[in-house]
Amino acid sequence: MKFFRNLVFYILIAAGLPFFLQAQAAEELPRNVTFWSNYPSEQLAKTIVDRMTDEELFSQIFMFGWAGAEPDELLYQWVNRGLGSVKVFGWNTDDIVLVAKSISLLQKAASYNRFKIPLFVATDQEGGWIRHIKGETAITPGNMAIGASGYPADAWYSGYYISREIKVLGININFAPSVDLYTNHNSSIIGPRSFGDDPQKTGILGAAFSAGSIAAGVIPTAKHFPGHGDTASDSHTKLPVIDIDEKTFENRELVPFEYLIRQHIPAIMSGHLSFPQIDQSGAPASLSKIFLTDILRKKLGYDGLIITDDMMMNGDTLYAGSLTNAVKLAVEAGNDIVISSTTARLNESLWSNNLQLVKTDESFHSRVKDAAYRVIKAKLDYFKSGNAAPLYPDPAAIPEHIPDKEGQKFFLGQACRSITMYKSGAMPLTPELAGRVLLVGSLPRFFSEGKRRYSKTGDFRFSYEPGPNETQYMCDNIISNAAGYDTVICCVANEQSAKIATMLKGSGKRVIIFSIMSPVSALNLDWADTVLMGYSWSSYTFDALFGALAGEYQAEGVLPFKK
């Protein structure tokens with residue numbers, strides 16, 4: 001009988017042991033635990049979110065920007081209450097030392113909070129056209145140039161050197177690469193930000209770019225899920241509608257993201273884009289559970305951070321009816337970080353109304369807590385990796401690292417590998433063969449590099465995006481200005497400059513076309529003697545274009561899309 005009683009006792013103990021151990025595990029960390037306590041990331045992140053107030057949880061999933069040269073008092077108040085992330089936009093970033101000092105002060109403010117959780121600090125430094133951190137940072141040849149060269153190594157080193165520069169300033173997240181496909185050639189919002197129109201090639205190059213970023217110590221972010229390329233509309237102004245069927249969606253738009261997910265991309269940005277044949281409600285992907293939870297999380301198996309595009313864009317608010325409701329829908333859809341380019345007021349409804357939901361709606365509270373856990377877990381993994389951006393960047397070190405000396409050499413080589421010979425004429429164009437040269441365009445580097453190579457030159461200058469009156473004036477006067485010149489080199493960046501260049505057709509002059517940015521506007525200029533395609537306005541691109549024209553190397557880039 002005694003044996004039986006003992007056996008029952010041990011069985012009961014064994015049956016209750018898992019519950020006992022779980023309770024012990026939940027309480028085993030000390031009450032004064034902080035972000036920097038030495039515990040496994042999963043355990044520490046769970047402990048922190050379990051102990052957070054509703055205000056702290058909700059604050060952790062917001063990312064705010066600032067409009068002035070320095071963060072204002074309102075942003076510091078948000079950091080003091082537990083704001084999770086900040087974003088550096090390109091409005092006032094010419095003084096990169098001031099940017100670094102501002103980031104340092106914001107991180108210092110975050111360090112005084114209860115759990116001492118550092119900030120994610122993000123920016124858009126895609127390369128090429130999109131470069132929010134200015135100053136002496138590199139203006140690179142950009143994604144379409146990488147697509148034209150086709151070398152994954154060019155993508156890897158682009159991500160690496162871009163990230164090395166911004167890391168010195170304390171920036172730890174880059175909203176790049178853009179893996180939107182160049183499907184709609186009339187797109188003004190994507191254009192040369194795209195690697196091209198091939199889904200597999202874009203996936204490979206995007207994955208390589210991301211790997212280079214990670215190697216440099218900056219978190220990359222693939223965007224804009226599930227793809228902004230098949231629309232001419234700009235989600236800043238309205239909600240683009242991409243009316244493609246499910247088969248096209250899966251075999252085209254999703255392919256680059258599948259490559260990146262297999263390579264464990266740590267962050268993906270959701271786009272304000274409607275695909276009505278996929279989600280019949282017409283909701284933008286950024287506000288849709290179908291896109292973010294069902295497709296991205298469950299179907300594609302993605303387990304990293306999901307970050308909204310700027311919630312101040314009309315692409316989401318026009319659908320949601322208000323910014324407050326857009327934030328609610330974004331969280332419910334599955335986003336972990338919600339971006340606002342402006343700092344919300346402390347009593348603003350996007351905060352107060354949704355905070356009330358955190359307190360009263362169990363489902364919403366659970367989703368916010370899950371998002372906060374993902375953010376804190378990602379921070380723990382990153383900031384304790386040994387390769388993180390400095391929390392308190394050293395202003396004195398900036399001139400040594402920006403511009404990146406190794407990066408400068410690389411980007412010139414990358415630009416040369418990208419240049420595409422669309423039509424080959426009288427080459428190499430030596431100064432003797434060129435004779436008197438008229439340079440036609442708008443960008444200073446084009447003129448300075450042209451004058452360096454050809455001594456007998458004249459200028460015909462106009463605005464980068466001339467209005468209709470200026471365009472017509474230039475069209476009316478280019479022939480008379482070209483009189484007395486043997487060769488005309490035209491820099492074509494858009495429809496207006498292509499229209500001006502077209503006036504030279506049949507003029508009897510030797511006409512050279514340098515296409516920069518998206519080459520679509522120059523595709524019909526093959527009546528010219530020579531047409532060379534570059535893909536950005538960077539100094540590297542102009543050096544490479546003139547070098548190819550002079551025969552210093554063979555241009556081997558390939559047009560990265562089907563005409």
Side-chain angles (χ1 to χ4, degrees), residues 63-65 67 87 89-91 124 126 129-130 132 175 178-194 197 221-245 248-249 252-254 257 268-292 295-296 306-335 337-342 344 348-350 465 467-468 494-496 517-518 520-521:
M63 175 182 286
F64 290 145
K87 183 180 178 187
F89 288 83
W91 300 313
D124 291 272
E126 296 176 17
W129 174 27
I130 303 300
H132 281 194
F175 292 147
S178 169
V179 292
D180 307 292
L181 300 173
Y182 193 48
T183 308
N184 188 315
H185 296 167
N186 295 317
S187 171
S188 60
I189 189 63
I190 298 301
R193 299 168 69 185
S194 172
D197 65 359
T221 308
K223 62 186 187 186
H224 306 80
F225 182 83
H228 206 313
D230 194 15
T231 175
S233 299
D234 183 351
S235 52
H236 287 83
T237 58
K238 68 178 184 178
L239 176 60
V241 176
I242 303 174
D243 195 18
I244 57 175
D245 60 31
T248 303
F249 178 75
R252 190 181 70 185
E253 308 303 316
L254 291 186
F257 291 98
I268 289 177
M269 176 176 284
S270 59
H272 305 317
L273 307 158
S274 175
F275 293 78
Q277 293 195 48
I278 312 302
D279 183 343
Q280 295 179 3
S281 73
S286 56
L287 308 184
S288 167
K289 284 185 180 180
I290 290 176
F291 283 104
L292 302 188
I295 295 176
L296 185 54
I306 304 177
I307 305 174
T308 70
D309 206 342
D310 184 7
M311 298 298 290
M312 301 301 291
M313 294 161 61
N314 289 338
D316 65 302
T317 54
L318 290 176
Y319 173 84
S322 69
L323 180 58
T324 299
N325 193 44
V327 169
K328 171 182 175 291
L329 294 175
V331 174
E332 291 176 333
N335 290 284
I337 295 178
V338 178
I339 300 178
S340 173
S341 53
T342 59
E348 199 160 326
S349 61
L350 73 85
E465 292 185 345
N494 45 42
E495 290 184 7
Q496 300 97 309
M517 306 301 285
S518 172
V520 170
S521 55

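All figures in this text were calculated on a predicted structure; none of them were measured in a lab. Position 1 is the first residue of the sequence, and the numbers go up from there.
The minimum heavy-atom distance linking M311 with A326 is given by the pair CE-O, 3.4 Å. Residues F291 and A283 share a closest heavy-atom pair of CE1-O, 4.4 Å. Of all non-hydrogen atoms in H185 and V520, the two that sit nearest each other are CB-CG2, 3.7 Å. Closest heavy-atom contact between L318 and K238: CD1-CA, 4.3 Å. In terms of heavy-atom proximity, A320 sits nearest to N325 at O-ND2, 2.9 Å. Closest heavy-atom contact between G271 and H224: CA-CB, 4.1 Å.
With rounding to the nearest 0.5 Å, the separation of CG in L292 from CD1 in I268 is 9.5 Å. Between L323 atom CG and T342 atom OG1 the span is 7.5 Å, to the nearest 0.5 Å. Once rounded to the nearest 0.5 Å, the distance linking CG of L287 with NE2 of H272 reads 7.0 Å. Here the CG atom belonging to D309 is positioned 8.5 Å from the CG atom belonging to L273, to the nearest 0.5 angstrom. Going from atom CD1 of I244 over to atom OG1 of T183 covers 8.0 Å, rounded to the nearest 0.5 Å. Atom OG1 of residue T231 and atom CG of residue D243 lie 11.0 Å apart, to the nearest 0.5 angstrom.
A 4.5 Å side-chain heavy-atom check between I295 and F249 finds at least one atom pair inside the cut-off. Between S286 and Y319, every side-chain heavy-atom pair lies at or beyond the 4.5 Å cut-off. V179 has its side chain out of reach of F225: every pair of non-hydrogen atoms, C-beta onward, lies at least 4.5 Å apart.
Salt-bridge formation is detected for the pair K223/D124: a Lys NZ or Arg NE/NH1/NH2 atom is positioned less than 4.0 Å from an Asp or Glu carboxylate oxygen.
Under the 3.5 Å distance criterion, with hydrogens and angles disregarded, a donor-acceptor pair is assigned to the side chains of S288 and D279. Between the side chains of S518 and Y182, a donor-acceptor pair is found at a separation under 3.5 Å.
Side-chain N or O atoms of S187 include none that pairs as donor or acceptor with a backbone N or O of G229 at under 3.5 Å.
Of the candidates N335, T308, D316, S270 forms a side chain to side chain donor-acceptor pair (under 3.5 Å) with just one, namely N335. Tested against D230, the residues I190, D197, N184 include a single side chain to side chain contact (heavy atoms under 4.5 Å, CB included) partner, N184.
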For I130 and F175, what are the C-alpha separation, side-chain angles and deciding distance, and is it a side chain to side chain contact (heavy atoms under 4.5 Å, CB included)? CA-CA 10 Å; I130 303 300; F175 292 147; over 6 Å; no
Applying side chain to side chain contact (heavy atoms under 4.5 Å, CB included) to K87 and D310, what does each step give before you reach the verdict? CA-CA 10 Å; K87 183 180 178 187; D310 184 7; 5.9 Å; no
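Counting heavy-atom neighbours within 6.0 Å of Q277 CD, excluding the residue itself, gives a total above 12.
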